[in-house]
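Before any comments, here is the structure.
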Protein chains: 2
Amino acid sequence: MRTARRATLRGMGHGIEDVARAAGVSTATVSRALRGLPHVTDATRERVRLAALELGYVATPSARSLATGRTRTIGLLLPWVSHWFFANVVEGAERTLREHDHDALLYTFDVFERGPRRRVETHVLRGRVDGILVVGLPLEPEEIVDLDALVRPLVFVGSGPGDRCTIRVDEQEVSRIAVDHLIGLGHRRIGHVTGHPDDVSPWSAGVLRTRAWRDVMGATGLTADALAYGNFDVGGGRAAAHELLTRHPDVTSVFVTSDEMAMGVIAAARDRGLRVPEDLSVIGVDGHELGEVVALTTVAQDVHAQGVLAARLVLAQIAGEEVPQRVTPQVRLVLRGSTAPPRDR
Amino acid sequence: MRTARRATLRGMGHGIEDVARAAGVSTATVSRALRGLPHVTDATRERVRLAALELGYVATPSARSLATGRTRTIGLLLPWVSHWFFANVVEGAERTLREHDHDALLYTFDVFERGPRRRVETHVLRGRVDGILVVGLPLEPEEIVDLDALVRPLVFVGSGPGDRCTIRVDEQEVSRIAVDHLIGLGHRRIGHVTGHPDDVSPWSAGVLRTRAWRDVMGATGLTADALAYGNFDVGGGRAAAHELLTRHPDVTSVFVTSDEMAMGVIAAARDRGLRVPEDLSVIGVDGHELGEVVALTTVAQDVHAQGVLAARLVLAQIAGEEVPQRVTPQVRLVLRGSTAPPRDR
DNA sequence: CTGTTAGCGCCTTCAC
DNA sequence: GTGAAGGCGCTAACAG
């Protein structure tokens, strides 16, 4: 008795067979018609479309994926979403992906948390995604190997090995702009607050900015000894600044590798009764909206645009197109009230 | 010639058959063994486990989904991720879901954008998710109907109809705490900045807080006429404050329905040469980390915890457990420097 | 242009 | 406790 159609579809609606029956065609034709493939009469296509619409038919993604090998889903790998940079990349990427009928799957791996560095479990991505966006995650070489094993296009944002499609600002330039600005104002004792002390990845943004800070300082004949770690958040920046200012009370300005930490530094200055910028100049990196509220001078970048571009580049790779190996978004110095010439003291 | 095993799996690794062969058992046994189902000897299970490990076998999600009808994926529906509240809910939810081997699929629908309210296309969720988290999205009745048609557990966070599993603070209490605080300080002219003017949903957070502001003001015999809309972001809050203070120069304090907008209000005060809190008191809602930097008094809530709980509640529903229809997280007044008694003038 | 027929990789009854 | 076989819903050759 194979006549009795097992109307399964687990209570999810109608299947392709229902549409086929309603339109009086075969399932193959329905599939072709609905996906806009050639070799279908306009009339048939329209008939199928109507039938599908009426029944509220949408192809079951897992069935489609199983048959095609494509998931129309992109994995977003990142440490946090509650940080400004990441939230904005994610938002830009997700919107762009959706415009192109792709889904965004979120995977957070907080590799910066205290304790031994947890390895990113790339195997959870197997068969789930057509492409991967790695955002601000300084991966170990073995992790890259694991990702490569997935045989899916990869795009890195805000961190990444040199030999892969990577979108990131010129970290050297970022530090140079910031430090040059402070030097230009007359500062000689320039402190530095950066990310995580255990982060030593050669392509971590924090590491690169710190290295460039050292370079610029050295090239100008200044000593780069006032350094503290703020773990990329407000509270961390505040604590780091306290530590820094206690150990190096002669510091007149601080270059901070993120606006969130920079605002923490400003809070610390206030804690200590120091006025910004009269007693202490502070410059950050990012272009956080709230920087305007505290008049934070910063080296700004358009993060949303980076998310959009990243999405476009994975999609392009999936489509078999060539993509640039390296995109370097512009940065610009945004002068506000947190930097000024040092007071004589 | 059906002997020639078509080793497809589209270059993705090994399939269940490979594991079966390696372990010398059938695919059925592999399936049972790997998923911890009963009726498998410890010895066989171990053998299968080893074989799978060695081959790096992971069941293809789409195949599994097609066979089981479950996707182990939860859809996150929200307007933005770049706003503090949302980024934190998402982060809490994603981590919790991952701990329970579930994926988080992101769907942003900016229903607050200018122009006609875009309808949330729930059909993109069909067959993609086992459950749905609706975060801070004031949906229309028809949209709820569409969601219900998916026959999947639903949890609302930060907004939601009264008759569904909803996690949200008591909005009345939020407004009461804030306004009472200002009244207690001696303010009589209390302005208000809230979200989007077109948002009239009876269960939008902004709408409810504004209504409660009116109620509390009225109950105290104060006029609630100084109102402006800040669209839930910093720039919007700033613009709204300018409008408000121009129209109602006698206002001595402002109750703002989010910390991000409240910080915009503080920026506007500075623009106008008004000192906070001497000339203008400002109180927000949320507990944004950066509130500390600008000494923002606020009615705080634990948003990360709400994300965690939301994830737990969908998972519980999927497991067939009963869940509370309403969870009301605690809020607390965080006194900082942005509120003070009004100056006589 | 359209229908038929195999799978896609895994799960799941049902025998053994 | 284990294996055989059919099915999940859709796509993709291949005929016609």
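Naming: A, B, ... by sequence-line order, numbering from 1 per chain. It should be emphasised that the depicted structure is a prediction, and the values quoted were computed from it without experimental measurement.
- Taking the side-chain contact (heavy atoms from CB on, under 4.5 Å) definition, one finds that A:Arg126 meets it with A:Leu150, B:Leu9, B:Met12, B:Val58, B:Thr60, sequence neighbours left out.
- The interatomic distance linking A:Leu66 (CG) with C:dA6 (P) rounds to 18 Å, in whole Å.
- Within the structure, salt bridge (charged side-chain N to carboxylate O under 4.0 Å, His left out) pairs that include any residue of residues 134-143 of chain B comprise B:Arg117-B:Glu143 (at least two apart or interchain).
- Rounded to a whole Å, the CZ atom of B:Arg70 is 15 Å from the C1' atom of D:dC8.
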Sequence neighbours excluded and cut-off under 3.5 Å, please list the side-chain donor-acceptor pairs for residues 129-138 of chain A, or say none.
unit_1, atom_1, unit_2, atom_2, d
A:Asp130, OD1, A:Thr71, N, 2.8
A:Asp130, OD1, A:Thr71, OG1, 3.0
A:Asp130, OD2, A:Arg70, NH1, 3.2
A:Asp130, OD2, A:Thr71, N, 3.0
A:Asp130, OD2, A:Arg72, N, 2.7

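- Note: A:Leu313 CG to A:Glu321 CD = 9.5 Å, rounded to the nearest 0.5 Å.
- The distance between atom CZ of A:Arg21 and atom P of C:dT2, rounded to the nearest whole Å, is 19 Å.
- Although no hydrogens or angles enter the test, the distance criterion places a donor-acceptor pair under 3.5 Å between the side chain of A:Glu91 and the main chain of B:Val81.
- Regarding A:His39, its NE2 atom lies at a distance of 16 Å from the P atom of D:dT11, rounded to whole Å.
- Listed by residue number, A:Tyr57, A:Ala59, A:Thr60, A:Ala63, A:Arg64 are the residues of residues 41-65 of chain A with a heavy-atom contact under 4.0 Å to DNA chain D.
- Ion pairing between B:Arg95 and B:Glu99 fails under the 4.0 Å rule for side-chain N and carboxylate O.
- Using a distance-only test at 3.5 Å, with no hydrogens or angles considered, a donor-acceptor pair links the side chain of B:Glu94 to the main chain of A:Thr108.
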Pick out the pairs of N or O atoms, protein on one side and nucleotides 12-16 of chain C on the other, that lie under 3.5 Å.
unit_1, atom_1, unit_2, atom_2, d
C:dT12, OP2, B:Arg35, NH1, 3.2
C:dT12, OP2, B:Arg35, NH2, 3.1

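- Distance, B:Arg126 CZ to D:dC8 C1': 14 Å, rounded to whole Å.
- Ring geometry for A:Phe109 against A:Tyr107 counts as parallel: the plane angle stays under 30°, on a 0 to 90° scale with 60° as the upper cut.
- If you take CD of B:Glu17 and P of C:dG7, they are 12 Å apart, rounded to a whole angstrom.
- Taking atom CD1 of residue B:Ile16 and atom C1' of nucleotide C:dG9, one finds them 8 Å apart after rounding to whole Å.
- For A:Phe156, the ring-ring contact (aromatic ring centres under 6.0 Å, His included) test picks out A:Trp203, with sequence neighbours left out.
- Between the CZ atom of B:Arg72 and the C1' atom of C:dC11 there is a distance of 14 Å, rounded to whole Å.
- Within 4.0 Å (heavy atoms only), B:Val30 reaches no atom of the nucleic acid at all.
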